[in-house]
Amino acid sequence: MTSLPFPPNQKLEIPIALVIFGSTGDLTRRKLVPALYQLALADHLPDQLHIIGFARREWDADTMRAEMHAALEEHARSQPLNDAVVQRILGSMHFISSVFDDLAGYQKLDALLEELGADNRLFYLATPPEAYGTIVGHIGEAGLASCAQGWTRIVVEKPYGRDLESAKALDEQVHGVFDEEQVYRIDHYLGKETVQNILVFRFANGIFEPLWNRRYIDSVQITVAETVGVGSRAGYYESAGVIRDMFQNHLLQLLTLTAMEAPAAFNANAVRDEKVKVLKALRPLTGDQAMSDTLRGQYMAGKVAGEKRPGYKELEGVDADSRTETLLAARVQIDNWRWAGVPFYIRSGKSMPERVTEIAVQYRQVPLSLFGWQNMAGEAPNRLILTLQPDEGITLTFGAKAPGPENRIEQVKMDFSYAETFGGGSPEAYERLLMDCMNGDATLFNRSDEVLAAWGYVTDILESWESHPAAEPLEYAAGTWGPAKMDEFIERYGGAWRTFDD
Ligand code: BG6
């Protein structure tokens, strides 16, 4: 399989300073520093890379090094660690201890950047979202938003706003300091190999695209099921729910990649132009339509993989009357020529029985049932399944004649498995994304209009939920596929949820 046309196996030759705001947090330990380690191991990083932590805690560079060493031991993808590479990464670390709301901290940062001679600057917001505006404002005030000699970019983590209005307000703050070309809004799903493969599969192969439309496709199902619960993240999750945590970003991204037209070129603007068009063609879910075409669930106590799991409401930080959904199913429609009339059934939930992320394209039944009653019980045999995790691969199912004197048709499959073909050890999403923003390639990052269009769609749904306060999320036991009404929800439209045993 061809790789995308920006091979990440190029070593960057320019000096770069990566400033991580919120560097004492979980994201830095679990994702960013391990990703930097992998990039260093593969010799992709510039010789002059400076990693500058900026956070409230009273650490110094040595504390940061010790903490990040422990983080690498726990989270680095390649173990055992290569000591020389670890030392290289740790040796490039600096730390500024400052609250985000104090200009003096940014002045110290300015002085450090000068001293290091780091003219290419990547600011990374790995803080709680409430701090984004403050940090961006102070970067601007300290004169750090551009550098005469090199480039300055900013990476903003999700959530980028919590509804359309707040996303617009944040965007205004960001654009008050940075040009759009400097802004890299992360959705880590876009950094996943298998997610990038959706575009390669669709647009590097001639045989699928002609069938990729309403004439041949009956429906599409996108599932992101997680076995994990909300656990210690309840404080954040309680005001987010699946709709903000997964749907506005990861699920809508999977949907746009599945539904978009072929871009005129594989570059940031051409790809994002097409994704935005899909988001703008989503039929708004407002009022009663939003109530009937979405289903919310909340997990109660149960068992996941044999282990007891307390109910969501039992978690510390969760309101006893919480109406936050931990599961969401939706019927999404795209009003354009390619997709009119093809429902996209989307679901995502926590505390599910299995971890699976997949896109399943159900093709239509043949126009004439030549094999009469012996045909497949009305169900069309052709389904294309892109499994994004955990068993990455692509499966095409079709009907075949089972051996025997009668015309008995069985559904059989052709399988492609990433692990079997390419071996294990795919890079983590953050490796690719960090590399891309250092390279100045924003293809796998969200553009402003894209984020706002996604929030526009989601905000209609949120408003509808708010105006129907009696509609509570439905209960489901942890370790099950959702509330009892889940099946009814899709059966109304003649569909059925996929069950992962084929
Ligand atoms: C994050 C969400 O963005 O994505 C988490 O905040 C979720 O709630 C995670 O568990 C899922 O990511 P992945 O890569 O494990 O599928």
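Atoms within each ligand, like the ligands themselves, are counted from 1 in listed order.
Using a cut-off of 4.0 Å between Lys/Arg side-chain N and Asp/Glu carboxylate O, Lys192 and Glu392 are scored as not salt-bridged. Using a 4.0 Å cut-off between charged side-chain N and carboxylate O, Lys277 and Glu450 make no salt bridge. A salt bridge between Lys158 and Asp245 is present, with a side-chain N of the basic residue lying under 4.0 Å from a carboxylate O of the acidic one. A salt bridge links Arg447 to Asp273: one of the charged nitrogens lies within less than 4.0 Å of a carboxylate oxygen.
Listed by atom number, the atoms of ligand 1 under 4.0 Å from Lys158 heavy atoms are 1 (C), 2 (C), 3 (O), 6 (O). Heavy-atom contacts of Asp245 reach the following atoms of ligand 1: 2 (C), 5 (C), 6 (O), 8 (O) (cutoff under 4.0 Å). Of all the atoms in ligand 1, the ones that sit under 4.0 Å from a non-hydrogen atom of Lys350 are 5 (C), 7 (C), 8 (O), 10 (O). Taking a cut-off of under 4.0 Å to the non-hydrogen atoms of His250, the atoms of ligand 1 that pass are 1 (C), 3 (O), 4 (O). Less than 4.0 angstrom separates some heavy atom of Lys192 from each of these atoms of ligand 1: 13 (P), 14 (O), 16 (O).
Under 4.0 angstrom from ligand 1, the non-hydrogen atoms of Arg355 all belong to its side chain. Within the 4.0 Å heavy-atom criterion, the part of Tyr189 lying near ligand 1 is the side chain and not the backbone.
Between the side chain of Arg383 and the main chain of Leu396, no donor-acceptor pair closer than 3.5 Å is present.
Taking only non-hydrogen atoms, the option from Glu226, His188, Glu428, Gln389 nearest to atom 4 (O) of ligand 1 is His188.
A cation-pi arrangement is present between Arg296 and Trp465 under the rule of less than 6.0 angstrom and at most 45 degrees off the ring axis.
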